[in-house]
Amino acid sequence: SQTIHQWPATLVQPVGSPLSLECTVEGTSNPNLYWYRQAAGRGLQLLFYSVGIGQISSEVPQNLSASRPQDRQFILSSKKLLLSDSGFYLCAWSGLAGGTDTQYFGPGTRLTVL
Amino acid sequence: AQSVTQLGSHVSVSEGALVLLRCNYSSSVPPYLFWYVQYPNQGLQLLLKYTSAATLVKGINGFEAEFKKSETSFHLTKPSAHMSDAAEYFCAVSTGNTPLVFGKGTRLSVIA
């Protein structure tokens, strides 16, 4: 079966500090990978998605970036965090193993920028 | 482009009462439709999905949804609410090769 991991689970960072959130998927190969942000009362915002290693599509211009150094690893980064970056970050995957149309979500990372 | 509208950001029902969460979609091609549930501080869990087979889709935890093309709707129902159903529910749409587009969510409260 497939599992998706995110870490850290929670993070408190000062404004201007860097960020690195990691997501890994097990039990499948060549998944599509997604990063979403969920701010309080604002639903889910798609930030990035990737259909393969080194292939990243950005949905919203901002100070965040994403990378996919390995097939089942997706990293969300920032060089300098803003207060507005606070939120709940969710990673998801889709692929042949679970149905290409269906996304499966990780447990999330709660980021607080102070 | 696809879009989803969830009517009602907050729905409150009594325990044992019918749950009805509304979702309307917009899509230029036949859509795939989904309902997810999110418990506090957790990721989203797939409840059910419609992918052009039967229009009435049964999911986990006793939930079901009916695809109505003429009404562009995919409302989620459960005959009898349980306290454990209290959560946030998201409707989503895709065309199969695009990322899901989510509604803004509906928070369900269940009153004892």
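Naming convention: chains lettered A, B, ... in sequence-line order (proteins, then strands); numbering from 1 in each chain. All figures in this text were calculated on a predicted structure; none of them were measured in a lab.
- Contact annotation: the side chain of P99(B) approaches that of Q103(A) to within less than 4.5 Å [non-hydrogen atoms, C-beta and beyond].
- Cluster annotation: L56(B) is not connected to I60(B) through the hydrophobic network of ILVMFWY side chains, with a link wherever side-chain heavy atoms come within less than 4.5 Å.
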I'd like a table of donor-acceptor pairs (distance under 3.5 Å, sequence neighbours excluded) in which one partner is a side-chain atom from residues 75-82 of chain A, with atom names and distances.
{"residue": "S78(A)", "atom": "OG", "partner": "N63(A)", "partner atom": "O", "Å": "3.3"}
{"residue": "S78(A)", "atom": "OG", "partner": "N63(A)", "partner atom": "ND2", "Å": "3.3"}
{"residue": "S78(A)", "atom": "OG", "partner": "K80(A)", "partner atom": "N", "Å": "3.3"}
{"residue": "S78(A)", "atom": "OG", "partner": "K80(A)", "partner atom": "O", "Å": "3.4"}

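- Under the ring pair (Phe, Tyr, Trp, His ring centres under 6.0 Å) criterion, Y36(A) pairs with F105(A), F102(B), not counting sequence neighbours.
- Contact of Q38(A) with chain B is made through the side chain alone, with heavy-atom distances under 4.5 Å.
- Between Q38(B) and L90(A), the closest side-chain pair of non-hydrogen atoms falls below 4.5 Å.
- With a 4.5 angstrom heavy-atom cutoff, T51(B) touches chain A only via side-chain atoms.
- Within residues 14-36 of chain B, the residues having any heavy atom under 4.5 Å from a heavy atom of chain A are, by residue number, Y32(B), F34(B), Y36(B).
- Under a hydrophobic-cluster definition in which Ile, Leu, Val, Met, Phe, Trp and Tyr are linked whenever side-chain heavy atoms come within less than 4.5 Å, directly or via other members, F63(B) and Y104(A) are assigned to different clusters.
- A single hydrophobic cluster is seen to contain both L48(B) and L108(B), as judged by linkage of ILVMFWY side chains at heavy-atom distances under 4.5 Å, directly or through other members.
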Donor-acceptor pairs under 3.5 angstrom involving side-chain atoms of residues 107-114 of chain A: please list them, not counting sequence neighbours.
{"residue": "T109(A)", "atom": "OG1", "partner": "P8(A)", "partner atom": "O", "Å": "2.5"}
{"residue": "R110(A)", "atom": "NH2", "partner": "N41(B)", "partner atom": "OD1", "Å": "2.8"}

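- Considering only heavy atoms from C-beta on, L100(B) stays 4.5 Å or farther from L44(A) through its side chain.
- A chain of hydrophobic side-chain contacts below 4.5 Å, direct or via other Ile, Leu, Val, Met, Phe, Trp or Tyr residues, connects L19(A) to W35(A).
- Only the side chain of L46(B) comes within contact range of chain A, with heavy atoms under 4.5 Å apart.
- Under a hydrophobic clustering in which Ile, Leu, Val, Met, Phe, Trp and Tyr are joined whenever their side-chain heavy atoms come within less than 4.5 Å, directly or via other members, V11(B) and V37(B) fall into the same cluster.
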